[in-house]
There are 2 protein chains.
Amino acid sequence: MKKYLDKLKKNNLKITSKRVAILELLERSGEALSPEDIRNELAAKFEKVSYPSVYKNLEDMSRIGVLAKIARPDRRLYYALCRAREDKHHHHIICSKCGKVGEVEECDLFRRKVINGYRITSHFLQLEGICSDCGK
Amino acid sequence: MKKYLDKLKKNNLKITSKRVAILELLERSGEALSPEDIRNELAAKFEKVSYPSVYKNLEDMSRIGVLAKIARPDRRLYYALCRAREDKHHHHIICSKCGKVGEVEECDLFRRKVINGYRITSHFLQLEGICSDCGK
DNA sequence: CCTTAATTAGAAATGATTTCTATTTATACC
DNA sequence: GGTATAAATAGAAATCATTTCTAATTAAGG
Ligand SMILES: [Mn+2]
Ligand SMILES: [Mn+2]
Ligand SMILES: [Zn+2]
Ligand SMILES: [Zn+2]
């Protein structure tokens, strides 16, 4: 947890009770959650939680790399805690049964400069599968 | 073009004037277009074009692999003609300047069965870059 | 303790996408 | 070519996740 809070500070994001609660929730659950999921969970802990601030917090924290944006077939927003070493290129896999998110370091694309005549500026890889718990 | 129409038939999608026009437009342009882009273009050719049928056609034709769904940062829907051999695993790259879409066959992930304990069921890779024309 | 800018809640707006229904059309079969 | 059938379509309306706006609150640094 300290690791994440330090990163907030380093990026001039204040340590607010809402942000801490979001990080704790995502750490505890291990799953990718929607803004709505998160607001509902926080509603149990706080008297008031607004959607705009949940949305903004999730967006801000994913922008600085503390959270990862997870793409799902319903095209809604999902966020998970990003647990990998920040300097190691990686992507994420989500379990389609339970939503648990794992880190995937098997990607060499960041080495490639040009593919099919295009100079690559970015790439996004999202995997889906069945985690070891759900696969038993 | 015949290749695409055959694939429609094979999948029990009727050859309608709107579908042919969408395919011709995407083939001519080479870019990923939004449903709105496409409706606007078709509006010049047909007296009436409804959004629901544009949306449904794009979705149906991408479901059978004639079109490719392209992910962009604005999270809206975009579609492009899929030009690769249908039996060859591949992904797509879009030029962030002009929107032109290219086929990318450099992906070995379909060989991997398990990563980080997850049994992989699907993966989505979307690249972005600068095409050879725009890079001059 | 003060100052200041960031954060937040609440209410309202937004707009891309979907749903619904009646009409039209492509296609298979005779 | 004519007919039957299911698919495709237009139009209007609804949906609803996300964003915008504004005034009040709060974290952090001096
Ligand atoms: Mn990560
Ligand atoms: Mn393709
Ligand atoms: Zn990568
Ligand atoms: Zn692949």
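Sequence lines set the chain letters: A, B, ... in the order given, protein chains first and strands last, and positions in each chain run from 1.
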Checklist entry - Sub-3.5 Å donor-acceptor pair from the side chain of B/R39 to the main-chain atoms of B/S50, do we have one? => result no
Checklist entry - Is there a donor-acceptor pair under 3.5 Å between the side chain of B/Y4 and the backbone N or O of B/L23? => result no
Rounded off to whole Å, could you give me the [atom1]-to-[atom2] distance for the [X] and [N] pair?
| X | N | atom1 | atom2 | answer |
| --- | --- | --- | --- | --- |
| B/D60 | D/dA8 | CG | P | 7 Å |
| A/Y79 | D/dA17 | OH | C1' | 12 Å |
| B/R75 | D/dC16 | CZ | P | 16 Å |
| B/R19 | D/dA7 | CZ | P | 11 Å |

Under a 4.0 Å threshold between the charged nitrogen and the carboxylate oxygen, would [Y] count as salt-bridged to [X]?
| X | Y | result |
| --- | --- | --- |
| A/D108 | A/R112 | no |
| A/E24 | A/K45 | yes |
| B/K3 | B/E27 | no |
| B/D87 | B/R85 | yes |
| A/K88 | A/E103 | no |

Next on the checklist: If the condition is side chain to side chain donor-acceptor pair (under 3.5 Å), which residues does A/D6 pass it with, not counting sequence neighbours?
Outcome noted: A/K2
Checklist outcome for this item: Under a 4.0 Å heavy-atom cutoff, the residues of residues 36-52 of chain A touching DNA chain D are A/P52
Item to check | Of A/I22, A/N40, A/N57, A/V54, the residue whose pairing with A/P35 passes side chain to side chain contact (heavy atoms under 4.5 Å, CB included) | outcome: A/V54
Checklist entry - Looking at B/F46, does the NZ or CZ of B/K18 lie under 6.0 angstrom from its six-membered ring centre and within 45 degrees of the ring axis? => result yes
Pairs: protein N or O with nucleotides 25-30 of chain D N or O, under 3.5 Å:
from	atom 1	to	atom 2	distance (Å)
D/dA27	N3	A/K14	NZ	3.3
D/dA28	OP1	A/I15	N	2.8

Item to check | Range on DNA chain C touched by chain B, heavy atoms, distance below 4.0 Å | outcome: C/dA16 to C/dT27
Item to check | All side-chain contact (heavy atoms from CB on, under 4.5 Å) counterparts of A/A68, not counting sequence neighbours | outcome: A/I70, A/C82, A/H92
Checklist entry - In degrees, rounded to 10°, what is the bend between the two ends of the helix from C/dC1-D/dG30 to C/dC30-D/dG1, using five pairs at each? => result 50°
Next on the checklist: So, does B/K56 get its side chain near the phosphate of D/dA7, meaning an N or O under 4.0 Å from OP1 or OP2?
Outcome noted: no
Item to check | For B/L26 against B/Y79, the heavy-atom pair lying closest together | outcome: CD2-O, 3.7 Å
Item to check | Between B/H123 and A/H91: side-chain donor-acceptor atoms closer than 3.5 Å | outcome: no
